[in-house]
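These numbers come from the heavy atoms of this one structure, side chains and all, not from hydrogens, waters or symmetry mates. Below, chains carry the letters A, B, ... as their sequence lines are ordered, and counting in each starts from 1.
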There are 2 protein chains.
Amino acid sequence: MKWDALEEEPCSLARTIAVIGDRWTLLILRECFLRVRRFEAFQASLQITRHLLSERLKKLVRFGILRRVPYQEAPKRYEYILTQKGLDLYPVIMAMVHWGDSHMADERGRPLLHEHRNCGKLFDPVMVCSECGEVLRAKEVHVHPGPGRRAA
Amino acid sequence: MKWDALEEEPCSLARTIAVIGDRWTLLILRECFLRVRRFEAFQASLQITRHLLSERLKKLVRFGILRRVPYQEAPKRYEYILTQKGLDLYPVIMAMVHWGDSHMADERGRPLLHEHRNCGKLFDPVMVCSECGEVLRAKEVHVHPGPGRRAA
DNA sequence: TCCAGTAAGTTCCTTTTTGAGACTTACCGT
DNA sequence: ACGGTAAGTCTCAAAAAGGAACTTACTGGA
């Protein structure tokens, strides 16, 4: 299966994977959420090869997750800013960070702590039902075919 | 950067990516959450090569996300079951599905709908703060170094 | 004017990872 | 003994990633 084929699958997970389902893309997005914007800065903090970084940034721009915005003329230079579509990936990143915190931390504890400005407390992200607000568990969710399901 | 190096990074996102940060692993997990358990069944529904499927299943077992459980003797056959560590990836998968539903759906709408058994309604997953219950937004979260941060 | 420096890429070549598909092992039922 | 099934393994070609030097377009200083 090729990457483009994934995008066409009648499955929202597959389509998301087609966009962010590789190692470097996810790490680049981490940097974006930490306010990194420029090519050299991404390269320095990630140790990614310039070649791949260039490719991945183009892909993220193509999918509308980053916007390439000039920050100086002569010589023309651009920086990469998260769009709303990109900002909407925050729950994905946070869910992954939280799983890593819970299951992959070493004896010293978490690398980063998160503070919610609105309440001022250190928190964990929790996924709840939009309708009743209860914490979601896999066993309590039932899946139905939706309108966009292609016939098998 | 190699995969093993990622695992050692002082970053929970990097550590999570080291485990589930590739295309096939995420798709295999989708099948697991849809109650697929056996080699042939994974292979048939994903069109993954047997070679890679075998490798990825081993990796997931090695990381404690799946358990390899015999379901028949003579000839000995095994199936793959999500552990609690694996079940805890549910928010990650749901966050990705929801992003795909929001940003990658075609005109026909969502491929799948989710029903929350506890309240009986079709829902979207929402990520909230564990302390105050408010919806989380990237701009309202402040990051602090934690005890596990390695000195740069 | 010439040189060093900076930022953002691009190019070339090697190594690693995937992909496609046949082959293997261990059994069953007929 | 033969065909079928389930879970892998093996081989080889194709695609992707890694490493490092090169390019372009400027600035500021000697």
Problem set entry | Atom pair distance, as rounded to whole Å: CZ in B/F39 and P in D/dT5 | 17 Å
For this session: Might you work through the side-chain contact (heavy atoms from CB on, under 4.5 Å) test for A/L46 and A/R30, ending with a clear yes or no?
Result: CA-CA 10 Å; A/L46 291 175; A/R30 172 188 76 184; 3.5 Å; yes
Seminar exercise, completed: B/L53 atom CG is separated from D/dT9 atom P, nearest whole Å, by 11 Å
Problem set entry | side-chain N/O B/R23 vs D/dA15 OP1/OP2, d < 4.0 Å | no
Exercise. A/L52 CG to D/dA15 C1': how many Å, rounded?
Worked result: 13 Å
For this session: Could you check A/R77 against A/R56 and say which one's nearest nucleotide on DNA chain D is further toward the 5' end?
Result: A/R56
For this session: Provide, to the nearest angstrom, the distance between the CD atom belonging to A/Q72 and the P atom belonging to C/dA8.
Result: 8 Å
Exercise. Rounding to a whole Å, what distance do you find between A/I28:CD1 and C/dG9:P?
Worked result: 12 Å
For this session: Measure from CZ on B/R68 to P on D/dA6 and round the result to the nearest Å.
Result: 16 Å
Problem set entry | Nearest-Å distance for atom pair CD/C1', residues B/E73 and D/dA7 | 15 Å
For this session: Would you classify A/F42 as touching base, sugar-phosphate or nothing, given that sugar-phosphate means primed atoms plus P, OP1 and OP2, and contacts are heavy atoms under 4.0 Å?
Result: nothing
Exercise. For C/dG19, does either OP1 or OP2 sit under 4.0 Å from a side-chain N or O belonging to B/W24?
Worked result: yes
For this session: Between C/dT11, D/dT11, D/dG18, spot the one nearest the side chain of A/T49, thanks.
Result: D/dG18
Problem set entry | From CA spacing to verdict: side-chain contact (heavy atoms from CB on, under 4.5 Å), B/D22, B/R56 | CA-CA 10 Å; B/D22 81 281; B/R56 290 293 186 271; 2.8 Å; yes
Exercise. Under 3.5 Å, is there a donor-acceptor pair between the side chain of A/T83 and the main chain of A/G64?
Worked result: yes
Exercise. Closest to the B/R38 side chain: C/dT10, D/dA7, C/dC27?
Worked result: D/dA7
Exercise. Nearest of C/dA20, D/dA7, C/dA8 to any side-chain atom of B/H51?
Worked result: C/dA20
Exercise. Taking OP1 and OP2 of D/dG8, is either one under 4.0 Å from a side-chain nitrogen or oxygen of B/Y80?
Worked result: yes
Problem set entry | Closest-nucleotide ordering on DNA chain D, the 5'-leading residue of B/L57 and A/K76 | B/L57
For this session: Would you mind checking if A/R50 and A/E40 are paired as a salt bridge, meaning a charged N to carboxylate O distance below 4.0 Å?
Result: yes
For this session: Would you check if B/F42 and B/I48 make a side-chain contact, meaning some heavy-atom pair closer than 4.5 Å?
Result: no
Problem set entry | Distance, rounded to the nearest Å, where B/R50 contributes CZ and C/dT24 contributes P | 15 Å
Exercise. A/K58 side chain N/O closer than 4.0 Å to the phosphate oxygens (OP1, OP2) of C/dT10?
Worked result: yes
